[in-house]
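Report on the structure given below.
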Amino acid sequence: MSENILEIKDVKRHYPVSGGLLSLSKATVKAVNGISLEVKKGETLGLVGESGCGKSTLARLLTGLEKPDFGSILFKGRKLDDWTAAERSTVLQMVFQDPYSSLNPRQRIGNIISESMRIHRSGSKDEIQERVEELLVQVGLRPEHHKRYPHEFSGGQRQRIAIARAIAMNPDLIICDEPVSALDVSVQAQVLNLLKSIQKEFDLSYVFISHDLSVVSHISDRIAVMYLGQLMELTTAEKLYHNPMHPYTQILLEAVPIPDPAMQGEDVIIEGDMPSPISPPNGCPFHTRCPRVMDICSNEKPELKEAEEQHKVACHLY
């Protein structure tokens, strides 16, 4: 892992509020509010946070499905806007959360996987057919499955099909948006192991988005913790789990279930509700719920700075 394949520089995405009294004041939902990140070639960057923190919005920005209001996204050193949709589809793909709605129920599996290859004319009909069968085997299915429809497969099998579709054009980067959250725990492990083996074989980079820290730790090299559209902490998976610095990260980790009942501690609950992204609090976005809040936290927004080697945190404690 050396050069950056993806660079996100101070990206913001705000949505206008339409309808109701708030629309009179031209209010906006600050879904992504100043994110800066980079992803290296062959790396998995985990992105974790509560529901509503802006993870999926960031995923849509990274794939070009939406455009940022401010900031820039560079892919392989080139602005994402400068890539045509056709070019992006050959180098950047996405695996969606729901394996039941992300596959066209009226299409056979072979047509679903081969669509991008047919659009880009990347071989004859026989060559594409052969490639589809190879992909099915690579994701743990049988070659003859190309004749079937999505409803004939389980959720885990459908997600394998979605992965086969994503790697069909040999992309450089795959955005995985909660790819295992709709699956049983045992199936989650199978899909995660599949993603890791495919990454090793094809030298892929992943942005792996999840609300589950235990899942993210299994696959990620580095982890970024997101809250209310902003980054709270960024470090390696090992450092995050052995030395979490931000109070929000500490609370998230304490809430991860432990398999051994004898080791279970007290239930950890973050007090209060997440503030509205329409009017985020001044200063640190987490200060309204933070157990270690100080006076400065409500007035001054902390910068994401390196507190120690390979460990950045946005907190006035450091």
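Values in this document were obtained by computation on a predicted structure and should not be read as measured data.
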Sidechain-backbone polar pair: Thr236 side chain, Arg222 backbone, donor-acceptor under 3.5 Å: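 Flag not set: sc Thr236 to bb Arg222 has no pair under 3.5 Å.
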Check: Asp98 main-chain N/O paired with Ser102 side-chain donor or acceptor under 3.5 Å: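 Looks like yes, one N/O pair under 3.5 Å.
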Is the closest basic N to carboxylate O distance between [X] and [Y] below 4.0 Å?
| X | Y | answer |
| --- | --- | --- |
| Arg13 | Asp69 | yes |
| Arg78 | Glu7 | no |
| Glu134 | Arg142 | no |

Grab the two heavy atoms, one from [X] and one from [Y], that are nearest each other, plus how far apart they are.
| X | Y | result |
| --- | --- | --- |
| Leu204 | Pro171 | CD2-O, 2.9 Å |
| Asn111 | Gln107 | CB-OE1, 3.1 Å |
| Leu61 | Lys67 | CD2-C, 3.5 Å |
| Ala164 | Ile113 | CB-CD1, 3.9 Å |
| Pro143 | Leu136 | O-CD1, 3.6 Å |
| Tyr241 | Ser214 | OH-N, 3.8 Å |

Value rounded to 0.5 Å, distance of NE2 in His287 from CD in Glu300: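 Result: 13.0 Å between the selected atoms.
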Rounded distance [0.5 Å steps], CZ in Arg292 versus NE2 in His246: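 Here the interatomic distance stands at 10.0 Å.
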Glu87, CD atom: more than 12 neighbouring heavy atoms under 6.0 Å: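 Buried by this count: over 12 neighbours within 6.0 Å.
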Between [X] and [Y], do the side chains contain an N or O donor and an N or O acceptor separated by less than 3.5 Å?
| X | Y | value |
| --- | --- | --- |
| Gln230 | Lys30 | no |
| His14 | Asn33 | yes |
| Ser56 | Asp177 | yes |
| Glu66 | Tyr15 | yes |
| Ser114 | His146 | no |
| Ser181 | Gln97 | yes |
| Asp126 | Ser124 | no |
| Thr44 | Gln199 | yes |
| Gln129 | Glu133 | yes |
| His211 | Glu50 | no |

Contact check, side chains of Gln138 and Phe202, non-hydrogen atoms, under 4.5 Å: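 Yes - at least one pair of side-chain heavy atoms lies under 4.5 Å apart.
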Salt bridge (charged side-chain N to carboxylate O under 4.0 Å, His left out) involving Asp203 - partner list, sequence neighbours excluded: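 Once residues adjacent in sequence are excluded, the partners of Asp203 under the salt bridge (charged side-chain N to carboxylate O under 4.0 Å, His left out) criterion are Lys41.
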With a cut-off of 3.5 Å and sequence neighbours excluded, list every side-chain donor-acceptor pair involving residues 304-315.
{"unit_1": "Glu306", "atom_1": "OE2", "unit_2": "Gln310", "atom_2": "N", "d": "3.3"}
{"unit_1": "Glu308", "atom_1": "OE2", "unit_2": "Lys239", "atom_2": "NZ", "d": "3.4"}
{"unit_1": "His311", "atom_1": "NE2", "unit_2": "Glu233", "atom_2": "OE2", "d": "2.5"}

